[in-house]
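Read the structure below first, then the notes.
Here the structure is a predicted model, which is why all the values come from computation and not from measurement. Chain A is the first sequence line, chain B the second, and so forth, proteins listed ahead of strands; every chain is numbered from 1.
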There are 2 protein chains.
Amino acid sequence: MNSIRYALLSLLAREPLSGYDIKQHMNGRLGPFWKVGSNQVYPELSKLEGEGLIRLLGVEQLSYRPARKVYELTDSGREALAEWVLEPAETEFSLRDDFILKAYNLWLVEPEQMIRQLERIQQHHEAKLAAYLDKSAELERALSGKTSSDPLYGTAAVLDFGIRHERQYLEWCQEWIRRLDGEGAGPK
Amino acid sequence: MNSIRYALLSLLAREPLSGYDIKQHMNGRLGPFWKVGSNQVYPELSKLEGEGLIRLLGVEQLSYRPARKVYELTDSGREALAEWVLEPAETEFSLRDDFILKAYNLWLVEPEQMIRQLERIQQHHEAKLAAYLDKSAELERALSGKTSSDPLYGTAAVLDFGIRHERQYLEWCQEWIRRLDGEGAGPK
DNA sequence: AGATACATGTAATACGTTACATGATTTT
DNA sequence: AAAATCATGTAACGTATTACATGTATCT
């Protein structure tokens, strides 16, 4: 628990960043998995600084703008992160997806309407998959020759998970469209 | 948002239940996806009753125990649920899994240690998969001949998703164990 | 002229988890 | 004799989302 702090450390382990940068990263590139608001980022950064896990690298001031405070990971921060990575992982994962709950109620509605819902969701995941595959192609090129101690390796692992997840989701949609379709059209 | 109310309605759409029953169902059979505490269930039940989506079917009183209040879905509750099911679904799903965040940091630690982590997680998902497959075999038997308007159809859809998810997770673990393994043993 | 990006931060609100309180019965 | 089960509910806490406040430069 309290994974956000580790999310912040994970990003800072790769490069120095400001709170704003972190927010952008999480809601952008790493978006599929995590999202944060500024209210979580800034206080947590202060805490981490207080604990000596990160340190203020520098402040970029543009006079008309709030100071841009860039943080970097300290050695003890790097240690804490590595320790956490190797800790026995929480086996409880949530997998709370509204749509799955909707599917649980598929028996309540007209098959044709449920099919339409499934198709809509399917399209959404197709788009996501396509985006991930694009990124992946790029990444794989950059990855050649690099060893597993390169940060890109971690990026690739997460991206790969995302790709597999989207594929699996799509197949599930297809399967249940098929099942519901066979039903409605079947005994005529 | 506020999916818990729909989770409660989803269960009550199948059979009348008490708050306690609901809690047990969610943390047991439907456990992989949802969990709730009593503090969420009881207030929400009161709210739903106030809105006329559910009604008190009866109270079982055993003198030495708190009254067991059993609720059932009303017609307007069933309508509200069906409407929600057909609403354009939220495309934002979280997929927040601590272990994926750990994997993002795999480059920070010794490959052999990460492999051990992956193997541990793999075992966990193997066990889950086995449990789901058991349930699924049972379900498929009970399902034969039933149409898509049977609640079991919804159960099957969710279970199927769980099975696919676990399989996908396993494959991902295997792939990354392989990749890290090939690394360490490779250029010797 | 108006919206968006930059950049920090706070406040209000919603959602979720853990722990507590009660109290007899049944299981270990 | 101790612990778990049943059954409701409240309280305290922790985490997350949304909105707000500030203020200039740049893009449309």
B:Arg5 CZ to C:dA14 C1', in whole Å, measures 14 Å

Checking B:Glu166, B:Arg167, B:Gln168 against A:Gln168 for side chain to side chain contact (heavy atoms under 4.5 Å, CB included), the one that qualifies is B:Gln168

Under 4.0 angstrom between B:Arg96 side-chain N/O and D:dA16 OP1 or OP2: yes

Only one of B:Gln24, B:His25, B:Met26 passes side chain to side chain contact (heavy atoms under 4.5 Å, CB included) with B:Ile22, and that residue is B:Met26

Per-nucleotide protein contact along nucleotides 6-13 of chain D, 5' to 3', at a 4.0 Å heavy-atom cut-off (B base, S sugar-phosphate only, - neither), is BBBBBB--

Rounded to whole Å, CG of B:Asn27 lies from C1' of D:dT5 at a distance of 15 Å

Taken to the nearest whole Å, CD/A:Glu49 to P/C:dT8 is 13 Å

Self-check item: B:Leu12 with B:Val70, same ILVMFWY side-chain cluster at under 4.5 Å
Solution: no

Query raised in the report: Should the pair A:Tyr6 and A:Trp84 be assigned to parallel (<30°), tilted (30 to 60°) or perpendicular (>60°) ring geometry?
Result: parallel

Rounded to whole Å, CD of A:Gln61 lies from P of C:dC6 at a distance of 17 Å

B:Ile4 atom CD1 is separated from D:dT15 atom P, nearest whole Å, by 17 Å

To the nearest 0.5 Å, atom CG of B:Leu57 lies from atom CG of B:Leu73 at 11.0 Å

Tell me if a side-chain donor or acceptor on A:Arg96 pairs with a main-chain N or O of B:Lys35 at a distance below 3.5 Å.
yes

